[in-house]
Amino acid sequence: MTDLPQFHAAKWDEPVVMEMGRPGGRGQHFPAPEAEVSEAVGADLIPAAMARKDRPELPEITEFEAQRHYLHLSQMTLGMMGISLFGTCTMKYNSKTAEFATLRPELAEVHPYQHPETLQGVLEIMHDFDGILRSLSGMDQFVFQAGGGANAAYTMACVARAYWQDRGKLGERTEMVTSIQAHPCNPATAAAAGFKVVNLPLEENGYPSLDALKAAVSERTALIMLNNPDDMGIYNPEIKEWVKAAKEVGALCFYDHANFNGVMGKLSARELGFDACMFMLHKTFGAPKAGGGPAVGAFGCSDELAPYLPTPVVVKSGDGYALDDDRPKSMGKIREFWGNVPQVVKAYAWARAMGAEGIDLASDISVVANNYMDKRLSEIEGLARSNPGVSAHRMEMTRWSLEPIAQETGVGTVDFANRMADYGIDPWWMSHEPWIVAEPFTPEAGELWSKEDIDMWIDVVAKICEEARSDPEMVKTAPHNQAIAQVKGDAFEDPSKWAMTWRAWKRKSGEADTARGAA
Amino acid sequence: MASDMRAHPWMANSAPGVIDEMLAAIGAASVKEVFEQIPEDHFRKTPLDLPPALTSEMELRRDLVSKLKKNLSCEDNLSFLGAGVWQHHVPAVVDEIVGRTEFATNVWGSYQSDHGRNQTWFEFSSQLGALLNLDVVQLPVYSWGCAIGHAMRMAARITGRSKVLVPAFSDPERLSVIRTYCQPMEMQTRIEVVEVAADPTSGRLDLGDLADKLGEDVAAVYFENPAYLGTIETGAAEIAKMARAAGVETVVGVDPLSLGVMTAPGDYGADIVTGPVQPLGVHMHCGGGAGGFIASRDEERYVRAYNGFLVSVVETREPGQLGFGLACPHQNSYGMRENGNDWTGNSTYLWAIAGAVYMSLLGPEGFRELGQLIVSRARYAAKLLGEVPGVRIVWPDTTFKEFVVNFDDTGKTVAEVNDALRARGIFGGKDLSGEGLGLGQSALYCVTEVHTANDIRRLADTMKEILA
């Protein structure tokens, strides 16, 4: 075992910004209106009924104090600056080259309603990136409006609505069929779009049976939504038969390509028969996650579904590029404007920097590294691999369980996650709901992390297993080397205690009791 | 793996020999073997057809920058475009903080490992709550239109009713998103969207028409303050009162930059408040700066109806220490899949960080000065443009930062005016002529703190020149 790092997170005891400052303190000035302006328009321009009378209770701090406060808070954020094998999220290097390019005024200070003649550069990049995704998926058209993977799933549900409405059958095609193991966004967005959700249970081999699917799909099925491989690392080898069975009843087939990293360059969604798919650009394509967006779910589909896409669509027009808004069968808008454009540019940059050969190699590395990790984790006593009956090599991630050691010591996956950070290792991803596997964790190495990083990560897991046996209380009260101690969860479901703003906290806790340090 | 390929700068394990080392450790003879789950006939037959790789940073940078430079920016031109994304000053410290790698790359962590981000999120909600005079602010959703869509669905959940009222003068872009969220008529769970007429003399909601449409089947009435066409809704308290009497939720949309000078919506009876986060220190990013907030009073029936992330301040195991985590996590789609409230997922949380920094820099006096400056310069622009022969300001003296300019008497269309302006380095206002608002050849002009008196005179003088 390698030497584990002696780590302690930055700990600034930073006050909440609402407690900082002094009356009259200033962090930004704005000029007074020019004399010609105030002489022409006068004062008191807001109608009396709408003129604000109270002074908003905001902090009054200097520019430096704001900078220092938020730098301290950034330092108390591990981000992925430890080792983050955060499964289902495919942690990648986020290129600063791409980041800095998008901060230039030629993109940051650009308005989406500018005349397309003034937007040729960004339209060219979006058009070229559409081409790259078409090649990777076999689809005929991509759009980028969706602000994340879940929003792309919602786009699919709304495109399906428009497709069935156009055929006069929306009242009959009322169901969406998926697996109980699909990401929650698939059933949730289909339900929010108005469809009834049919969840298929898993069999011993890790995926629902083809017979169950055949029994579930009918003239009522509007669409099916599937991911493959799943978060256990299991690939459904009957996927072509699934698509065929769904198409036999006329249903649309959506491939949630959230787990694309292990199959990129290897599979084509269109060749497998799917009508549409989505890629997460903030995940597989190297754009930063930013703690949950701005993100992009790139949605691609066949020519048959393209008329129903949200508008606008970027098109080549003569020597230049244009925005096509004249699409009468469109489902309408999924979100304002054309998407999180800087993230699209960053994803384009990732694809260009990798190239076809790099992308193919990255999926090789992802799957090899995960199997290397599986091998080493299997040598640690107290851990169990999900679906023990499936002996084949898993794909780019594997779901594991701490059930044996949790039964032995009482230390579970939340405790482990909290404790990992004490070694400067990013807490792991456990599992989406429902927790089919007890005390789950889901590591994913991807192509970023070195073999040394992976070894270190596994050594920390092994070390915490030792600690769970020798000093379970210490692990259950972790972390001990972080900016703050373990957060108490009792307020989260208690209306008398939860406080989503400082106003609410002061009201509920009693202001006098909370006097703490100020800047 | 092609053996002649250099190790890639973004892939440690592409260095020579590492893959073989791992294969040896797992006892696999080849890379192909680890893909054994995928049937042979599933592998793609069409080879990838991608542009050549740019593995050197300098080539990549050259490609990106040379393409982006084909754009014309609002920094090098004088722009009066708004309508959902607006040009405002972004303090340098905001750019520094949102560019911090820890904030850009974090994914989730634990409440302790990523404490600083969670505190920043809470400070976003706390400061926005102080501007709105409301106790609950959710982390932002994808956009303002999406925030309104969720707010409408919240109102429907709270009231058990399935009709919502929106202004006839709505932004078509946001209205289209709202209609998407409310579902087509064929769906059993649809929410009907009904328009309330505008008072043509003021652009405000027609309260007579509103009274006719409020009823026991209505879940919510929505209006904006300032509204899409820039007008200030002076009847806000009256609308909220009428709604309450009918058991209807009042959903409002506000521009957060107006709140240093305009009444907080929490003070005129708004139940659920939405708005854009982009004005709070986020660049326009070609529309990629969009984000939308949702806020309400701290009543359980509202809190239980939210779809996304509610960050609560809580105690830790160390007495006197505060930490932050998610309240009511089981009601969203992560907790309850299709039975959760709508859905959540990746959103625009980096912009919550931008907003937190921005609001802390401005403080109460900054917001007041900013509001004064915006409304003064916008009114000045309206006044100067209104003096150009043939140009008419549709609702003068009732607006905040946007206003409607009508060109009917100039004999020119908005498109012609904007083409002429663009040739002179000016991006004219958004063309409203195709939006079915009955406003003829009109454009929506946006003037903010970034426009000096000089800029405004340049616009008016140029307008005189091209319309002469």
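Reminder, nothing fancy here: chain letters follow the sequence lines and each chain counts from 1.
- Heavy-atom pairs under 4.5 Å with chain A were tallied for B:F324, B:F367, B:Y334, B:W108; the largest tally goes to B:Y334.
- A:Y93 touches chain B through its side chain: at least one heavy atom from C-beta onward sits under 4.5 Å away, while N, CA, C and O do not.
- Interface remark: B:S79 contributes no atoms to any contact with chain A (heavy atom separation under 4.5 Å).
- Annotation: maximal heavy-atom pairing with chain B below 4.5 Å, among A:A499, A:A356, A:S450, A:G489, occurs at A:A499.
- Side-chain atoms of A:Q165 and B:E186 form a donor-acceptor pair, as typed in the model, at a separation below 3.5 Å.
- Both the backbone and the side chain of B:E365 come within contact range of chain A, judged by heavy atoms closer than 4.5 Å.
- In this structure, the portion of A:E271 lying under 4.5 Å from any heavy atom of chain B is its side chain and not its backbone.
- The greatest number of non-hydrogen atom pairs below 4.5 Å with chain B, out of A:A353, A:G194, A:P59, is found for A:A353.
- Both the backbone and the side chain of B:V375 come within contact range of chain A, with heavy atoms under 4.5 Å apart.
- Residue contact with chain B, scored on non-hydrogen atoms closer than 4.5 Å, involves the side chain of A:Q482 exclusively.
- Per-residue heavy-atom pair counts under 4.5 Å with chain A were compared for B:L131, B:L310, B:D114, B:N71, and the maximum is reached by B:N71.
- Both the backbone and the side chain of B:H115 come within less than 4.5 Å of a heavy atom of chain A.
- Most heavy-atom pairs under 4.5 Å with chain A, from the set B:K430, B:K70, B:E338: that is B:E338.
- Contacts between B:K383 and chain A at a heavy-atom distance below 4.5 Å involve the side chain alone, from C-beta outward.
- Residue A:H69 touches chain B through its side chain alone, counting heavy-atom pairs closer than 4.5 Å.
- Note on A:D360, A:D426, A:L267, A:V345: by heavy-atom pairs under 4.5 Å with chain B, the leading option is A:L267.
- Using a 4.5 Å cut-off between heavy atoms, A:R352 contacts chain B through both its backbone and its side chain.
- Side-chain polar atoms of A:E336 and B:S143 form a donor-acceptor pair below 3.5 angstrom.
- A side-chain donor-acceptor contact under 3.5 Å links A:W498 and B:D298.
- Taking the six-membered ring wherever Trp is involved, the centroid distance between the rings of A:Y235 and B:F35 does not fall below 6.0 Å.
- Using modelled atom types and a 3.5 Å distance limit, the side chains of A:N340 and B:H285 yield no donor-acceptor pair.
- Counting heavy atoms from C-beta on, the side chains of A:I359 and A:L136 come closer than 4.5 Å.
- Side-chain contact of A:S268 with B:R44: a donor-acceptor pair under 3.5 Å is absent, judged by distance alone.
- For chain A, the nearby part of B:R422 is the side chain; its heavy atoms alone come within less than 4.5 Å.
- When heavy atoms are compared at a cutoff of 4.5 Å, B:V311 approaches chain A solely by way of its backbone atoms N, CA, C and O.
- Among the candidates B:G323, B:G366, B:A264, B:S347, the residue making the largest number of heavy-atom pairs closer than 4.5 Å to chain A is B:S347.
- Looking only at heavy-atom pairs under 4.5 Å with chain B, the residue among A:I234, A:I239, A:D128 that has the most is A:I234.
- The greatest number of non-hydrogen atom pairs below 4.5 Å with chain A, out of B:E123, B:R379, B:R174, is found for B:E123.
- Qualifying side chain to side chain donor-acceptor pair (under 3.5 Å) partners for B:H283, counting only residues two or more places apart in sequence or in other chains: A:E109, B:D95.
- The parts of B:E173 that come within reach of chain A are both its backbone and its side chain, each placing non-hydrogen atoms under 4.5 angstrom from that chain.
- Within the 4.5 angstrom heavy-atom criterion, atoms from both the backbone and the side chain of A:A362 approach chain B.
- When heavy atoms are compared at a cutoff of 4.5 Å, A:R104 approaches chain B solely by way of its side chain, counted from C-beta outward.
- Interface residue B:F427: only side-chain heavy atoms are found under 4.5 Å from chain A.
- Interface remark: B:E449 contributes side-chain atoms only to the contact with chain A (heavy atom separation under 4.5 Å).
- With 3.5 Å as the limit, one finds no donor-acceptor pair spanning the side chains of A:Y372 and B:E21.
- B:S73 and A:E106 are not linked by any side-chain donor-acceptor pair at a separation below 3.5 angstrom, with hydrogens and angles left out of the test.
- Contact of the B:T263 side chain with the B:N225 side chain is not registered, since no non-hydrogen atoms from C-beta on lie closer than 4.5 Å.
- Chain B forms more heavy-atom pairs under 4.5 Å with one residue of A:P112, A:P479, A:A392, A:A504 than with any other, namely A:P112.
- Side-chain contact, B:Q112 with A:N418: a donor N or O sits under 3.5 Å from an acceptor N or O.
- Side-chain contact between A:I484 and A:V487 is present, with heavy atoms from C-beta onward closer than 4.5 Å.
- Looking at B:M284, both its backbone and its side chain come within 4.5 Å of chain A, counting heavy atoms on both sides.
- When heavy atoms are compared at a cutoff of 4.5 Å, B:E75 approaches chain A by way of both its backbone and its side chain.
- Interface remark: of the candidates B:R377, B:H42, B:R179, B:K45, B:H42 forms the most heavy-atom pairs closer than 4.5 Å to chain A.
- Taking the six-membered ring for Trp, A:Y154 and B:Y142 have ring centres at least 6.0 Å apart.
- Side chains of B:S110 and B:S113: a donor on one and an acceptor on the other come within 3.5 Å.
- Remark: side-chain polar atoms of B:S360 are paired, donor with acceptor, to backbone N or O of B:V357 under 3.5 angstrom.
- Taking chain B as the reference chain and counting heavy-atom pairs below 4.5 Å, the highest number among A:P187, A:G339, A:P184 is found for A:P187.
- Remark: B:T234 engages B:R204 in a side chain to side chain donor-acceptor pair (under 3.5 Å) (not counting sequence neighbours).
- No part of B:T398 comes within reach of chain A, as not one of its non-hydrogen atoms sits under 4.5 angstrom from that chain.
- Using a 4.5 Å cut-off between heavy atoms, B:L326 contacts chain A through its backbone alone, with no side-chain atom that close.
- Here CD of A:E124 is found 13.0 Å from CG of A:L119. Values are rounded to the nearest 0.5 Å.
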